[in-house]
Amino acid sequence: MDPLSRIAFEQYVMITLPSEKCKIVQMVPNTTVSLGKFGAFNVNDVVGYPLGTKFEILYDDETVEAIEHDKRVKAKSDKAGVKVIVGKVKVLEPSVKRDEGLENVGNSENNRELIDMGRDIQKMTTEKIESLKKQSTSGNEIISKIIESHGTFDKKTVFSQEKYLKRKKQKFDKQFTVEYLSSSFLLQYLIDKGDIQRILDMSEESIGMLLNLANIRPNGTYLCMDETGGLLTYFMLERMFGGDENTGAEGKIVVVHENEHANLDILKYSNYSEAFIKKHVLTISILDYFEPTTVEELQKEFTPLSREAVADLKSGAKNTYFRKLKWYKIHVQEIEIATEWQFDGLVVASTLHLPTLLPMLGKKVHGSRPIVCYSQFKETLLETAHTLYDDLNYLAPTIQETRCRPYQSIRGRLHPLMTMRGGGGYLLWCHRVIPADEPELVVIEP
Amino acid sequence: MDPLSRIAFEQYVMITLPSEKCKIVQMVPNTTVSLGKFGAFNVNDVVGYPLGTKFEILYDDETVEAIEHDKRVKAKSDKAGVKVIVGKVKVLEPSVKRDEGLENVGNSENNRELIDMGRDIQKMTTEKIESLKKQSTSGNEIISKIIESHGTFDKKTVFSQEKYLKRKKQKFDKQFTVEYLSSSFLLQYLIDKGDIQRILDMSEESIGMLLNLANIRPNGTYLCMDETGGLLTYFMLERMFGGDENTGAEGKIVVVHENEHANLDILKYSNYSEAFIKKHVLTISILDYFEPTTVEELQKEFTPLSREAVADLKSGAKNTYFRKLKWYKIHVQEIEIATEWQFDGLVVASTLHLPTLLPMLGKKVHGSRPIVCYSQFKETLLETAHTLYDDLNYLAPTIQETRCRPYQSIRGRLHPLMTMRGGGGYLLWCHRVIPADEPELVVIEP
Amino acid sequence: MASAQFSQYKDLIAEGDLALIWISRGNIKAVTIDAKETFNTRYGSFPHKDMIGKPYGSQIAIRTRGGTGRFSFVHVLQPTPELWTLSLPHRTQIVYTPDSSYIMQRLGCGPHTRVIEAGTGSGSFSHAFARTAGHLYSFEFHPVRYEQARLEFEEHGLLAENVTITHRDVCEDGFTIKKGDTTSQEFAEGGADSVDLNADLVFLDLPAPWDAIPHLDDVITKTDRAGVCCFSPCIEQVDKTIEALEKNGWSSIEMVEIQGRQYESRRQMVRSVEDAMQRCRDIKRRKVEGIEKKKRLIEQDRLDKENKDAAPRKREPLTEKSQFNPFGKGTRVKEGDPNFQWKQVTKIEAEIKSHTSYLTFAYKLVDKSRDEAAVQQYLDNLAA
Amino acid sequence: MASAQFSQYKDLIAEGDLALIWISRGNIKAVTIDAKETFNTRYGSFPHKDMIGKPYGSQIAIRTRGGTGRFSFVHVLQPTPELWTLSLPHRTQIVYTPDSSYIMQRLGCGPHTRVIEAGTGSGSFSHAFARTAGHLYSFEFHPVRYEQARLEFEEHGLLAENVTITHRDVCEDGFTIKKGDTTSQEFAEGGADSVDLNADLVFLDLPAPWDAIPHLDDVITKTDRAGVCCFSPCIEQVDKTIEALEKNGWSSIEMVEIQGRQYESRRQMVRSVEDAMQRCRDIKRRKVEGIEKKKRLIEQDRLDKENKDAAPRKREPLTEKSQFNPFGKGTRVKEGDPNFQWKQVTKIEAEIKSHTSYLTFAYKLVDKSRDEAAVQQYLDNLAA
């Protein structure tokens, strides 16, 4: 099964819920996935459908069974030990419109009758709703019934209607979509989880623009600092390989990090194998990058033997030799990266002092190649832009901001969302250039 | 004639033109106002109509007369000495919609036939248009004829149609509106003139919000630094007195300046008399404000005499005495302002170093009264906010930004304007507070 | 009890005053000062009598509960329309200051302006209008909200100053205020039976402003130009509003959006590259030392095994924990901690108000006739 | 002359290359490197032969005309889609980078993506798509623009790589590309007569996307989910687009706006309050001195008049000009002049792109059937 187009076993996928929240789930065979109050389903029931399929959880007397909460994909919001009822899944038909419930309701132009409609107006009790939920009723049906029973619904303003329905929908709708875990979804997931600081407050639009401004291509060799736990690297890999190990593209990312090991934890959710990542994502510490050791020094610790000498080694010694040879080769490559490689682009998302860091990294970039630096704060980039502006090796540093403003996209009620997340960060963009020597003095004839 | 509701002689008014440019003109009796390519009219023909009236300039054979360009209200754009033809004016009917021309045109959905429509497509020559203009034809009529003669007009995209019509309208429409010279119009005029730096890049929305955040009222006493040539002061006066000297309000503005005299040039356009301005706008230099002289020192130069002593003075000496007394009283008031006055608000638009300036001025503000500081740059306010944040005399400094985004407000073609002016500045808002002493130690019984 | 708390600057906090108690940026509470009362917060209780007589703006301090020696503070402020708006509960639909101040500015609100506002809603905009305008006629169609607002306006001294509030569905019944209406307007015996509104500024915050627009002709000024602003969240409402404005002879129609943003001043740690390198060196050094130590230990173990009588050794950790921690990793570093370097940065609110409503402006000049007599008189005087 | 200038990184500037010459931020020109040619600017002429063999990114310097001893510079860059977009004349309708990069990101454009773009327009977005996508099918209905774009794509090496451009009114005639169409697509003898587009990303920059949407079913992928983005300037177009998308079974419809802003790093003079005070003191002192001098002069005049034989004196100005000018008033101070103190500030462009277009996104999954066999096989293997 192609994990790029169909839900496959063992794959990490993104599940989006009616509440617009999302969660990452691994499709482990013969297990159950709980979506908390939205219900639960069997992994085996959804695998094989195309990625992007929207399902609805249905309950009928035959299939209802109580299970212990699945331990492998534990959702924080569920209380431990709570029994979740697993339903059947049904693929939703395309004709279902997102807010059909709302469209069927005669909406009034004023809200004279309502000042605080509270719970007392609602004729349908929560118990009634819960029982409806356990019957074979879809989310939209439940909502329609709630509307019917809501005496003053058509007296509410457009806004209170929408707010009310959204709240109800989030509570009772049992639809979910299984999505390919794209870089954008992964970002959305981290934002929903509240990991804003971990990803340096990056927005999808900022990172998308970063990739374009940095001219990321399948065959480039990029220098990168990634303080987002691998998120930025994942975005780059998606542009370069699209989740596929067999495109034949030879692109590489060198990730410079400031700890003992690079933190690229987020890559564990990707569809790339460890071997593939090892080949295309090379990591090196900031110390080893800027103060590389020499091959001579390496050889004090270990010297490769001639083929004949290796052949003469005993079995145990041979194993030791090859282990040490691997270590040696990694370090030789590190030295090469640090001393010889020139890059097709520099991409930085780091909280180190950028006015010192960028000129150090910028030296390693080939002429005419772009440099893009992300920061949560404009002030940091301002300082950096001034530094680069005074350096003839960088052409026209500018600070770029991009903000996406989503609309409530319901016909007849179009307007930008009333609230949204602030932030999203800023980009510094420039190109590496090579300053000219002063041209020779041409003596002009008098 | 009430200069607040009707166009009055000698009054400064704002004239807005079809090009959305505007100019300030004084309504001098028996003179002519030239609007350059839009035509010319006699002041006596428009005075007496309500402010806000929209006129159209008409030409017919009887009234056409050639005049020298009016010297008193010389517009820069007109070449000196060019003869302008003065037309009759006609009040425009309210039923005229702004873009009627456009609404009557069948618009196509594509622009297949047009790649660069250039002048050659247009069948009506400029000469023809100019001759139409001199006939008794309104701007809308001219434009309709242009559209008729424009072979490919209905093949253009919505956008190129609009752009084209707007250009044509600006060129041939002879309508103008005579407006009350409100603070907002004055700002718009300065922006159109390109005096962005002179007014520190202020936008109408920023200054409007400044006035509200500073809680400007008719009866307040406000401390102000105004580096906009009096524009900010004019905005404050408008909120306090609404162009009327007889409201009975007693509000005062103390303007601290850093030169020999305050620059409040812009107030010359206002409807306020010099005497009124002198009473309500008091100016003092930053030196006299922060290092005031003493009454004792003043009295070294001049000592007021007793009533009897004054009566005994000879006529010449009496005049000298009263001149000096006036000087003395002004300086005594300055000392009072500098040493005794507490203010109901502090409003600053200055390019001096705000982190030093604001705490100096803030001391003079009464507890619970707002402080609002405008700056073209957020970075300056950031530094200032940090300083105030660390000072217990200021409550919760925040940086505020407000931006107005105008739409092309034509039904069926609603969208935000494609381009607009950047900038507009930022506000720092906080309240003056009075820190508490540590409360007494209450010994709790063991 | 009407007080002039919104129209007069007050110096000292006094019994009976409406005051705002500022606990934190998002927590501002309105109280009526009463010497017998106490203001309770989760950090402690503030007796009103500690506030009375102090200047407005005073910080009031108490020891926190439990006698930990720490203090708790509030500030007592005199209300302004803007602070009042901040003190309203967030769930209320409010016209916020970026919108209200722009509307007032653009429509030239000043001491002469006669304003119509429909509906009253939370009354936040009413307070800002009342501060500046000559008179405000506010209309509210919801009976309970009308009653709440009438009471509030009375308590805030607005009705005694320049505000009239009327219970009315303006879409159905227009804006004319007559004797017998449910209104704060008082009609003197033998006086006029209706009010001449004569408005030159109209603000319509209604779901269907197009139903109210045709009624405006009866109440707007005949001699000056009137301006209107319709406040609508959806774009389709804007379209219907423009249609109605055009049909009813309003001109210079323009719709705008106001985008207000608020920033906090914050600090970001300056993390020098050299420090990061030094940390790497430190890690490397400790790793090498650890390996050597391990080698020594292995050797020691071998010797110990040979000499079985040796006393058991206490094992030390192989790699020592570094003392070099330039960025305070693993510890809680307070923003601005003087042991570190900081860069000043602005931080936008976590959640922004990305949309409030669309603002559609238009103008109407009813009577375009000229005051010929006055012009002639002036010119005659000039010639004489 | 097809070159791979957009798909391969090049090190050195070579004869025949398409290069971008950066004169200034707003002035970037595309040239084909030709040893016999010269690049002329108002500041001087740059012979191409001075560029050939140098690395891309090189600054090229010449003495300015007139032999003033000053130099003039340009930079020679290898084109990227983003630089290419910047080099296009401003009057062209362009999909700018904030929009194009967001669309690519949101619709997951990657090496496997098969893109439909209609219309081609200036071709700026085509270059960005071509960099990343598996294949781009671009449609342009204007014959002249089609021809221009086809030529440009060929010269830029796009047609040889992964781009097909077709002359077509997609609203009328849909997206299917067949033998005999005006297209860059080549049909092998005896091969298929039409192309299986199988698109999973559709970008519609058309005045009436609703006319094109019904045709999409024929060309989008049947097995994966396809995404569409419609790019429309007016809100009414968005409404009609949403209607058409809903009718044609597209879901998860959402419209967004992208707002891109660009800032320059600038400096503002730090003007200290003490300096301003000192200036005032200086003015005051000179004024007092002036008065005293005047007094002396009057006295001198009196004496002179008494002594009529005295030689006429040269009058000095009463008040001396101050030497104290801390802010360089009246002089031209260059931003950043080291004689003054400066604060770093960001300045937004004087004119911003406040609106480009509304972006309406939607998704469609045509075939929702399950690959039962594969699932069963996997489970069977697992059980075995």
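All chains are named by letter (A, B, ...) in the order of the sequence lines, taking the proteins before the strands, and each is independently numbered beginning at 1.
The part of C/Tyr358 that comes within reach of chain B is its side chain, from C-beta onward, which places non-hydrogen atoms under 4.5 angstrom from that chain. Contact of B/Val91 with chain C is made through the side chain alone, with heavy-atom distances under 4.5 Å. With a 4.5 angstrom heavy-atom cutoff, C/Tyr9 touches chain B via backbone and side-chain atoms both. The contact between B/Arg239 and chain C is made by backbone and side chain atoms together, counting heavy-atom distances below 4.5 Å. With a 4.5 angstrom heavy-atom cutoff, B/Asp2 does not touch chain C via any of its atoms. Heavy atoms of C/Leu245 lying under 4.5 Å from chain B are absent altogether. For C/Leu77, the parts sitting under 4.5 Å from any heavy atom of chain B are the backbone and the side chain alike. Within the 4.5 angstrom heavy-atom criterion, only backbone atoms of B/Leu51 (N, CA, C, O) approach chain C. Contacts between C/Arg106 and chain B at a heavy-atom distance below 4.5 Å involve backbone atoms as well as side-chain atoms. Using a 4.5 Å cut-off between heavy atoms, B/Tyr49 contacts chain C through both its backbone and its side chain. Contacts between B/His386 and chain C at a heavy-atom distance below 4.5 Å involve backbone atoms as well as side-chain atoms. Contacts of C/Ala374 with chain B are made by both backbone and side-chain atoms, with heavy-atom separations under 4.5 Å. Heavy-atom distances place both the backbone and the side chain of B/Thr398 under 4.5 Å from chain C. Contacts between B/Pro406 and chain C at a heavy-atom distance below 4.5 Å involve backbone atoms as well as side-chain atoms.
Looking only at heavy-atom pairs under 4.5 Å with chain C, the residue among B/Pro416, B/Cys404, B/Gly412, B/Ser5 that has the most is B/Cys404. Options B/Gly242, B/Gly208, B/Pro397 differ in how many heavy-atom pairs under 4.5 Å they form with chain C, and the most are formed by B/Gly208. With chain B as the partner, the residue from C/Thr132, C/Asp99, C/Thr346 showing the most heavy-atom pairs under 4.5 Å is C/Thr346. Per-residue counts of heavy-atom pairs under 4.5 Å with chain C were compared for B/Tyr180, B/Tyr426, B/Tyr222; the largest is that of B/Tyr222. Comparing B/Ile7, B/Asp344, B/Leu414 by heavy-atom pairs within less than 4.5 Å of chain C, the highest count is held by B/Asp344. Here C/Lys10 is the residue among C/Lys10, C/Lys364, C/Gln377 with the most heavy-atom pairs under 4.5 Å with chain B. Listed options C/Val345, C/Thr360, C/Val366 were ranked by heavy-atom pairs under 4.5 angstrom with chain B; first place goes to C/Val345. Interface check for chain B: of the options C/Glu82, C/Gln344, C/Arg225, the most heavy-atom pairs under 4.5 Å are formed by C/Gln344. Of the listed residues C/Leu379, C/Asp50, C/Asp200, the one with more heavy-atom pairs under 4.5 angstrom with chain B than any other is C/Leu379. Contact count against chain C (heavy-atom pairs under 4.5 Å) is highest for B/Glu179 among B/Arg432, B/Glu238, B/Glu179. Of the residues considered (C/Pro81, C/Ala373, C/Pro111, C/Ser100), C/Pro111 shows the highest number of contacts with chain B, using heavy-atom pairs under 4.5 Å. Between chain C and the residues B/Gln342, B/Lys378, B/Met240, the most heavy-atom pairs under 4.5 angstrom are made by B/Lys378.
For B/Thr387 (side chain) and B/Glu383 (main-chain N/O), a donor-acceptor pair under 3.5 Å exists by modelled atom type. C/Gln78 places no side-chain N or O within donor-acceptor distance of the main-chain N or O of C/Phe6, the cut-off being under 3.5 Å. Remark: side-chain polar atoms of B/Glu401 are not paired, donor with acceptor, to backbone N or O of C/Gly260 under 3.5 angstrom. Of the possible donor and acceptor atoms, one in the side chain of C/Thr241 sits under 3.5 Å from a partner among the backbone N and O of C/Gln237. No side-chain donor-acceptor contact under 3.5 Å links B/Asp45 to the backbone of B/Val89. Of the possible polar contacts, one joining the B/Asp244 side chain to the B/Asn246 backbone as a donor-acceptor pair under 3.5 Å is found. With B/Asn44 contributing its side chain and B/Pro29 its backbone, the two residues share no donor-acceptor pair below 3.5 Å.
Using a cut-off of 4.0 Å between Lys/Arg side-chain N and Asp/Glu carboxylate O, C/Lys247 and C/Glu243 are scored as salt-bridged. Ion pairing of B/Asp390 with C/Arg267 is present here, as a side-chain N (NZ or NE/NH1/NH2) and a carboxylate O approach within less than 4.0 Å. Classification of C/Glu257 and B/Arg405 as a salt-bridged pair holds, one side-chain N sitting under 4.0 Å from a carboxylate O. Using a cut-off of 4.0 Å between Lys/Arg side-chain N and Asp/Glu carboxylate O, C/Arg131 and C/Glu161 are scored as not salt-bridged.
Taking the six-membered ring where the residue is Trp, B/Trp341 and B/Phe343 present tilted rings, their angle falling between 30° and 60°.
Side-chain atoms of B/Ser184 and C/Gln105 form a donor-acceptor pair, as typed in the model, at a separation below 3.5 Å. Judged purely by distance below 3.5 Å, without hydrogens or angles, the side chains of C/Asp217 and C/Asn248 never pair a donor atom with an acceptor atom.
Residues B/Tyr272 and B/His280 keep their aromatic ring centres 6.0 Å or farther apart.
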